[in-house]
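Have a look at the structure below, then the notes.
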Amino acid sequence: MKTSFIPIDYDYFDWQGKNYIIMIGRDDKGKRICVIDTCDIYLWAILNSKIKELKIKELQEKIEKIKLDIKGRKTRVEKVELHDKNFLGEKVKAFKVYATNYKDLHDIADKLGMKEIEKRRGYDLGFVTHNILEKKIIPLNWYEIEGKLLNNSEDFGGIDMAYDVDLCIKLEKSKQIEEKNFKPKILAYDIECDEFKIGEGEILMISLVGENFKKVITWKEQGKKYPNVEMVKDEAELIEKFVEYVRKNSPDFLVGYFSDGFDLPYIKARSEKHQIKLSLGLDDSQPTFSRGIMLTGKIKGIVHIDLLKFIRTAYSQYMQSETLSLNEVAKEFIGDEKKDFKFKHSSKINEDEWEKYFEYNLHDSILTYGLFEKMWPDIVGFTKVMQEPVFDVSRNGMSKNVESYIIHNLEKYNEIPEKRPTHEEISERKQKEKYEGAFVLEPIPGLYEDLAMFDFASSYGSVVVSYNLSKSTLLEKPSKDSYSIEISSKKVYFSKKIGFVPEILKEIINKRKLFKKEFKESEKEDVIKRARSNAYKLLANAYYGYQGFFGARYYSYEAAAATAAFARKSIKEVIEKINKGGYKTIYSDTDSISFLLNGKTESETLKFLENLNKNLPGIMELELEGFFKRGLWITTRAGTAGAKKKYALIDKKGKVKIRGFETVRRDWCKLARTTQNKIIRLILEHGSEEKSMEYAKEIIKKLKSREIPKEDLIIRTQLKKPISEYKSISPHVIAAKKMQEQKIPIDQIGLIEYYIAETPGAKTKLIRDKVKLPDEKGEYNIEYYLNNQILPAIENIFQVFGINAKELVDGKKQMTLGEF
DNA sequence: ATATACACGGATCCCCTATTTCC
DNA sequence: GGAAATAGGGGATCCGTGTA
């Protein structure tokens, strides 16, 4: 039997004591194929360098005789081979110790505690990863496979009959082939319930959306007919219907939004209550959930995707949306939003409101479906780059992705993989003192004309590569021919012989450059190339964080601290050169520098940049971020110091770039934000403050005469932990308490909305005593919004021009008094 | 459990001192 | 007149949210 094959989902099973991998995928005709395979199972025992030849042989024989009896299952070491390998860049001799079952490796490792064996490695990767490493059948790549067709076969306990697939093949040969077109079958789903707590309420409806498939299943509001709505008799039947439709559609991907934490566990809990088997898996198995705080729901053969998780790692840092709610994310990515429906308990929904509810439910699945389609190229890109199954890649954070990438690229360096840190190691690492981070230059407040901004491309990444900073290149003793730098008054040294970790990163940066160039030069927009370029970009950026992350296999405090130190040194040197070159630096943060052109032309400045680059070490490179017509820096709220991480720029085309100001902060009311934004824009456009002052006066007047709609005064703050854990009872905590009392559900993100009201007769002057929920009756507190929202947002901007905004606020008050 | 440090600023917390209240 | 209650100032801390 020979066929094409694209693996999508990976799982494993035991048969007669041996591990087998099971890959579910498609052929180029769209047939669903199940492929069974296995590989050598082994761990590495690294030998002490002082061990004698003779002793090695003896030890090998001893290990070969190891027998295990685990919970009544008898097994043994199959064979032992001696190999020349590298571990953390050092040449080592290591035994490759073979076993029958991956699960036994741990127990075998425990028996290898002899003093001649220095380290035991490679038994904590997981069988799926191990198999991908061994057999190189990488998710979402195309293969031509050959093997035995299993048809009503007894092999593997009749697995071909258990799985609902078109073909089941025991793999014998495989080779990677050219990319073929693959359009995944997608089914998006969403549920609506009365209670937000998992399983506490009833599921009212479930919507499902696939290609040419739209359905809402419900047991509420029977009797009437609605488009796309199918009525069933009760909740139990609703769940059964859901299972039936998933099975009928037989998707490759079942996609939800926050479905790991809500929809799937909810359905599971309700099905348990009704004692219904939730046979969603291709082998009729039920979804399983990983333990731990963050749930993940897995369905055999169908990849369950929680899009929220992928968005969080892959996009959130570059997104405009203030929250990752389905509504905002859909708006940003596909220009569509949720249907309007005000959440109510089902008992309070009028007959004529149900149709809206059904539409709302269906539309959520439509949005989820649309988002998945939009993100599919990136999901493919990530999966192929990290070489891990889609299920994992779509959920993993960037540190895990970095690690996957390293693990799957060790072979070139003949490296044995490092182990995961133990709990003790993790707590030790966590206790380490924080090292000094980025350098931020205090700006000189003011409004400036004609500026340029330079920044380092992949700053920290290029530092790691240029100075060879990693766990394996850190030298124990000072050495002359090495890179050295001081971290917290201690000198550290790194070898100049390039380590495999910096080399892998160098490759990432190079590939990123290559793919970026490729997709920019491609005639029509090539989403796949763009996605791959993006995956490498994110990897390069996450690399530095990974080295400093306590859970990392290749953690290195010294390398991380040295990276920050070298970066500080580099940027300070560049600032000096810029100032010596006749420019004037205004501000700098981490890897970017803004400076005044001081009458120099743009082409002169570009030439200057070229020269700067000639003298930078290694692969470090400065880029032009842009030329700007004007720029604004202000003081901190407290004093005369220039405020860091806050500035606004306008370019020649009038495009404004605002960083750090209240304008971009979601915990300020809309009025303060839009007012500040407008004022900044007016100042940048006109180069003076008159127009913006007029505008400010007008807003203040409107606020005082209560002309501002309440929605512009709503303050949004995220509740980040359970109410009881707050030591400091701030306004948003009070608002959350009120919501709890009034049984208003707090959304999944925990965004709390409130406004500050006039509360005559209030005893204290605490803001929290004036908190009211948006729906609560009351008048907004003029004093508060003037002094705590508008004034702080504009005061320091006007201070640049020597204007006291406080007088603007108060002075206006007298005038309005005069008007009456 | 799941990348890092730096930074701002509101609001509360908490301690101290001064003032007011009460007997 | 002296003790207790209250008010207010100011630094420390908590908290959320940004920049890079």
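Heavy atoms only: backbone and side chains are in, while hydrogens, waters and symmetry mates are out. So you know, we letter chains A, B, ... as the sequences are listed, proteins then strands, and number each from 1. Not measured: the values here are computed from a predicted model.
Rounded to whole Å, the distance from NZ on A:Lys434 to C1' on B:dA7 is 13 Å. Distance A:Ile767 CD1 to B:dA11 C1': 8 Å, rounded to the nearest Å. Taking atom CZ on A:Phe550 and atom C1' on B:dA5, their separation rounds to 15 Å, with Å as the unit. Rounding to whole angstrom units, NE2 of residue A:His423 and C1' of B:dT2 are separated by 13 Å. Atom CG in A:Asp591 sits roughly 18 Å away from atom P in B:dT4 (whole-Å rounding). Counting to the nearest Å, the P atom of C:dC15 and the CD1 atom of A:Ile752 are 15 Å from each other. Between the NZ atom of A:Lys770 and the P atom of B:dA11 there is a distance of 10 Å, given to the nearest Å. One can place CZ of A:Arg568 at 10 Å from C1' of B:dA5, the figure rounded to the nearest angstrom.
Within the structure, every side-chain polar atom (N or O) of A:Ser728 is placed at least 4.0 Å from both OP1 and OP2 of C:dC14. Within the structure, a side-chain polar atom (N or O) of A:Gln718 is placed less than 4.0 Å from OP1 or OP2 of C:dT17. Note on A:Lys645: every side-chain N or O is 4.0 Å or more away from OP1 and OP2 of B:dA5. For A:His732 and C:dG16, the shortest distance from a side-chain N or O to OP1 or OP2 is below 4.0 Å. Look at A:Tyr784 and you'll find a side-chain N or O under 4.0 angstrom from OP1 or OP2 of B:dA11.
Within the 4.0 angstrom heavy-atom criterion, base atoms lie near A:Gly545. Residue contacts shown for A:Glu436 are limited to sugar-phosphate atoms, with no base heavy atom under 4.0 Å away. Across all strands, A:Tyr647 comes closer than 4.0 Å only to sugar-phosphate atoms, never to a base (heavy-atom distances). As judged by a 4.0 angstrom heavy-atom cut-off over every strand, A:Gly397 is placed among residues making no nucleic acid contact. Within 4.0 Å of A:Lys727, counting heavy atoms only, lie sugar-phosphate atoms of the nucleic acid but no base atom. In this structure, A:Asn788 reaches the sugar-phosphate backbone alone: every heavy-atom distance under 4.0 Å involves primed, P, OP1 or OP2 atoms, never a base. Counting any heavy atom pair closer than 4.0 Å across all strands shown, A:Tyr435 reaches sugar-phosphate atoms only and no base atom. Within the 4.0 angstrom heavy-atom criterion, only backbone atoms of the sugar-phosphate kind lie near A:Lys721; the bases stay farther away. Across all strands, A:Arg659 comes closer than 4.0 Å only to sugar-phosphate atoms, never to a base (heavy-atom distances).
You'll find that the side chain of A:Thr590 is closest to C:dA20, out of B:dA7, C:dT19, C:dA20. Listed nucleotides: C:dA20, B:dG9, C:dG16. Nearest to the side chain of A:Arg665: C:dG16. Residue A:Phe549 places its side chain closer to B:dT4 than to any other of C:dT17, B:dC8, B:dT4. Residue A:Trp668 has its side chain nearest to B:dG10 when only B:dT12, B:dG10, C:dT19 are considered. For A:Tyr726, taking side-chain heavy atoms from C-beta onward, the closest of the listed nucleotides C:dC15, B:dC6, C:dA20 is C:dC15. Of the listed nucleotides (C:dT17, B:dA7, B:dG9), C:dT17 has the atom at the smallest distance from the side chain of A:Lys720. Across B:dC13, B:dC8, C:dA20, the shortest atom-to-atom separation from the side chain of A:Ser592 is found for C:dA20.
For an aromatic pair to be called close, the ring centres must be under 6.0 Å apart, and A:Tyr315 with A:Phe310 satisfies this. Between A:Tyr554 and A:Tyr546, a ring centre-to-centre spacing not shorter than 6.0 Å is recorded. Here A:Tyr726 and A:His732 bring their ring centres to under 6.0 angstrom of each other.
Of the two residues contacting DNA chain B, namely A:Asn541 and A:Ala438, the nearest-nucleotide position lying further toward the 5' end is that of A:Asn541. Comparing A:Lys430 and A:Glu662 along DNA chain B, the residue whose closest nucleotide (by nearest heavy atom) sits nearer the 5' end is A:Lys430.
In terms of polar N and O atoms assigned as donor or acceptor, the side chain of A:Arg666 never comes within less than 3.5 Å of the base of C:dT17 in a complementary pairing.
Counting only N and O atoms by type, the side chains of A:Gln547 and A:Ser556 include no donor and acceptor under 3.5 Å apart.
Although no hydrogens or angles enter the test, the distance criterion places no donor-acceptor pair under 3.5 Å between the side chain of A:Asp455 and the main chain of A:Glu625.
For the pair A:Lys738 and A:Tyr754, the cation-pi criterion (under 6.0 Å, within 45° of the ring axis) is not fulfilled. The side-chain tip of A:Lys298 points at the ring of A:Phe391 from less than 6.0 angstrom away and within 45° of straight on.
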